[in-house]
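Chain letters run A, B, ... following the sequence lines, proteins first, then strands; residues in each count from 1.
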2 protein chains.
Amino acid sequence: MNEHIILHTAFRLFTTHGIQAYTMDDIASQLAISKKTLYRFFTSRHDLVQQVCKQVAADYHQDMEEADKTGEGNLRRILAYMAVNVEFCKKTSPAFFTDLQKHYPAENVALTDKLDSVIEPRLLKVLEQGIVEGVFRGSLHPRLIVSLIQQHLKKDFEFAAELVNDYSKEEVFRQAQYLFLYGIIAAEAIPQLEIELSKYSLANRLEHTEKNETF
Amino acid sequence: MNEHIILHTAFRLFTTHGIQAYTMDDIASQLAISKKTLYRFFTSRHDLVQQVCKQVAADYHQDMEEADKTGEGNLRRILAYMAVNVEFCKKTSPAFFTDLQKHYPAENVALTDKLDSVIEPRLLKVLEQGIVEGVFRGSLHPRLIVSLIQQHLKKDFEFAAELVNDYSKEEVFRQAQYLFLYGIIAAEAIPQLEIELSKYSLANRLEHTEKNETF
DNA sequence: AATAAAATCGACCAAAAATGTCGAATAGTC
DNA sequence: GACTATTCGACATTTTTGGTCGATTTTATT
């Protein structure tokens with residue numbers, strides 16, 4: 001047994017079903033080890049939660065750096081950033097953040113700040129450059145828009161989880177992101193946007209038809 | 001404040017996020033009342049859980065009786081029963097049942113038995129009649145099939161919740177039900193089945209196109 | 001308006017559950 | 001076979017939560 005396996009398991013449990021849903025006993029029995037062993041690698045529950053938060057931030061950061069490598073064009077770039085957010089929303093339960101906020105407030109602000117600091121400069125840069133490039137409306141106030149989208153992201157994230165019974169989280173979140181995109185896109189760039197979106201849409205539609213064709 | 005409002009709220013919270021996720025304080029504050037008031041209407045937490053279980057069973061029973069009113073044909077009838085199950089799966093979190101099993105075992109068996117006793121005779125009747133009618137394969141052993149489908153229902157129910165990040169629960173559960181339908185349908189009745197299914201499918205596809213047309 | 005009755009609040013207590021600890025037991029190594 | 005490293009699960013301590021009670025507010029009545 002090593003700390004990586006434990007951390008990985010805790011990460012998975014915490015991010016998918018929330019922190020309070022699992023006691024230290026639960027985690028130990030999930031790993032088929034004793035609590036003693038668990039406490040050999042993590043000095044306390046608090047410690048474990050901190051490490052998981054660190055991992056969440058690191059993963060998000062890494063995904064964003066991956067998205068930075070997206071080829072030319074600020075439109076494509078922003079779509080790539082959004083795809084990362086969709087993925088994050090899909091795999092992370094809001095319960096993780098509500099538990100964090102309630103029981104580990106310090107870690108919550110630290111993580112939230114960290115995540116913000118990852119997305120904020122990227123959005124700002126891509127917006128400013130995109131306005132110059134002419135794909136986003138010139139009347140936009142980049143700093144303000146970045147703040148707004150960050151607020152919206154958090155709300156959409158919670159909302160997607162609420163609607164989980166009727167739609168997949170991905171669907172909800174993606175719709176919200178499209179709404180945002182059409183809000184900032186320059187009129188001249190709409191055809192370009194629709195070409196880019198059709199790639200995602202096509203992938204989606206293929207999935208659906210595939211499914212529907214089974215009967 | 002009255003007991004119906006309390007019960008309704010507890011029902012919603014328990015069935016959507018599980019029982020252990022909410023303390024009596026949580027429920028009280030959710031209703032913006034004090035615990036004292038809560039305990040005026042329900043003698044204990046156990047009592048409240050029991051009442052919620054009773055309500056779950058009653059709702060399911062009522063929905064099934066509604067499905068009984070479906071017009072002619074055993075195929076339509078079984079589709080109506082399945083629609084009830086899809087609805088039930090959609091709005092009920094498996095956490096509700098796992099919490100029940102762990103912390104209120106007596107209520108769990110009572111509720112499970114009750115739900116089984118609602119679906120069992122209906123499926124048995126519709127299968128037996130459907131075989132005579134010729135819409136289901138004659139080689140089926142109705143009693144055995146009923147037992148099997150009941151087992152499958154429970155598994156699918158849990159599974160749908162696991163896949164919740166990728167697909168909507170409805171989609172998963174409906175696919176599972178189709179699988180079952182094609183398993184029991186008589187070859188001659190397949191066209192009839194597909195006509196019936198296309199009604200649902202059409203409704204689904206309309207939804208999807210509607211959504212996709214927004215961009 | 002005064003009084004009685006009913007309902008509500010939130011601090012409080014006791015019981016239950018969770019975190020974190022420790023000596024005993026086990027497995028591996030020389 | 002003795003020594004070391006690691007694991008176990010029972011146990012003590014802390015935290016949380018179910019349930020209670022007197023004080024207080026609200027409502028109804030005269």
Side-chain angles (χ1 to χ4, degrees), chain A residues 1-55 93 95-108, chain B residues 1-55 93 95-108:
Chain A
M1 185 52 52
N2 67 62
E3 61 179 311
H4 294 102
I5 298 175
I6 297 175
L7 185 57
H8 184 261
T9 301
F11 178 95
R12 185 172 50 79
L13 297 179
F14 285 173
T15 56
T16 52
H17 297 294
I19 300 167
Q20 295 306 312
Y22 298 95
T23 68
M24 295 303 265
D25 283 285
D26 289 337
I27 296 166
S29 75
Q30 188 81 210
L31 286 153
I33 62 174
S34 79
K35 258 201 306 195
K36 177 77 181 200
T37 311
L38 189 55
Y39 276 93
R40 233 171 51 78
F41 296 100
F42 296 89
T43 62
S44 67
R45 179 176 174 82
H46 195 104
D47 179 29
L48 182 59
V49 170
Q50 278 183 320
Q51 299 297 324
V52 168
C53 287
K54 220 169 152 184
Q55 189 66 47
S93 161
F96 174 72
F97 282 99
T98 54
D99 287 347
L100 210 57
Q101 187 163 31
K102 185 170 179 187
H103 300 273
Y104 307 87
E107 280 66 31
N108 180 55
Chain B
M1 185 54 51
N2 67 63
E3 63 179 311
H4 293 101
I5 297 176
I6 297 176
L7 184 58
H8 184 260
T9 301
F11 178 95
R12 184 171 50 80
L13 297 178
F14 286 172
T15 56
T16 51
H17 298 293
I19 299 167
Q20 294 307 314
Y22 297 95
T23 67
M24 294 304 265
D25 283 284
D26 289 337
I27 296 166
S29 75
Q30 187 81 208
L31 286 154
I33 61 173
S34 77
K35 261 203 300 196
K36 176 78 180 204
T37 310
L38 188 54
Y39 276 92
R40 233 170 53 78
F41 296 100
F42 296 88
T43 62
S44 68
R45 180 175 174 82
H46 196 104
D47 179 29
L48 183 58
V49 171
Q50 279 183 319
Q51 299 297 324
V52 168
C53 287
K54 219 169 152 184
Q55 189 67 46
S93 162
F96 174 72
F97 282 99
T98 54
D99 287 347
L100 211 57
Q101 187 164 30
K102 187 170 177 188
H103 300 274
Y104 307 88
E107 279 67 32
N108 180 54

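Listed nucleotides C:dT19, D:dG18, D:dT7 differ in distance to A:Ser34; the shortest reach to its side chain belongs to D:dT7. Each of C:dC22, C:dG20, D:dG18 was ranked by its minimum atom distance to the side chain of B:Lys35; first place goes to D:dG18. For B:Phe41, whose side chain is taken as the heavy atoms from C-beta onward, the closest listed nucleotide among C:dT8, D:dG19, C:dT19 is C:dT8. Closest to the side chain of A:Lys36, out of C:dG23, D:dG18, D:dC21, is C:dG23.
Here the P atom of nucleotide C:dG20 and the CZ atom of A:Arg40 are 17 Å apart, to the nearest Å. Between the P atom of D:dT20 and the CG atom of B:Asp47 lies a distance of 12 Å, rounded to the nearest Å. Between B:Tyr22 atom OH and D:dT16 atom C1' the separation is 18 Å, expressed in whole Å. Rounded to a whole Å, the CG atom of B:Asp25 is 10 Å from the C1' atom of D:dT16. Taking atom CD of residue A:Gln20 and atom P of nucleotide D:dT16, one finds them 8 Å apart after rounding to whole Å. At whole-Å resolution of the value, CZ in A:Arg45 and C1' in C:dT21 are 17 Å apart. Protein atom CD1 of A:Ile27 is 15 Å distant from nucleotide atom P of D:dC8, rounded to whole Å. Rounded to whole Å, atom P of C:dT19 lies 15 Å from atom CZ of A:Phe42.
One finds the NZ atom of A:Lys102 at 12.5 Å from the CD1 atom of A:Ile19 (value rounded to the nearest 0.5 Å). The NE2 atom of A:His8 sits 10.0 Å away from atom CD1 of A:Ile5, with the distance rounded to the nearest 0.5 Å. Here CD of B:Gln51 is found 11.5 Å from CD1 of B:Ile6. Values are rounded to the nearest 0.5 Å.
Neither OP1 nor OP2 of D:dT6 sits under 4.0 Å from any side-chain N or O of A:Thr37. Residue B:Thr23 places none of its side-chain N or O atoms closer than 4.0 Å to OP1 or OP2 of D:dT17.
Mapping B:Lys102 and B:Ile33 onto DNA chain C by nearest heavy atom places B:Ile33 at the nucleotide closer to the 5' end.
Heavy-atom minimum distance, B:Ala10 versus B:Val52: CB-CG2, 4.0 Å.
Each of A:Ile27, A:Leu100, A:Asp99 was evaluated against A:Phe14; a single residue qualifies, A:Ile27, per the side-chain contact (heavy atoms from CB on, under 4.5 Å) test.
B:Ala32 comes within contact range of the sugar-phosphate backbone alone, with a heavy-atom separation under 4.0 Å but no base atom that close. When heavy atoms are screened at a 4.0 angstrom cut-off, A:Thr43 is found touching no nucleic acid atom at all.
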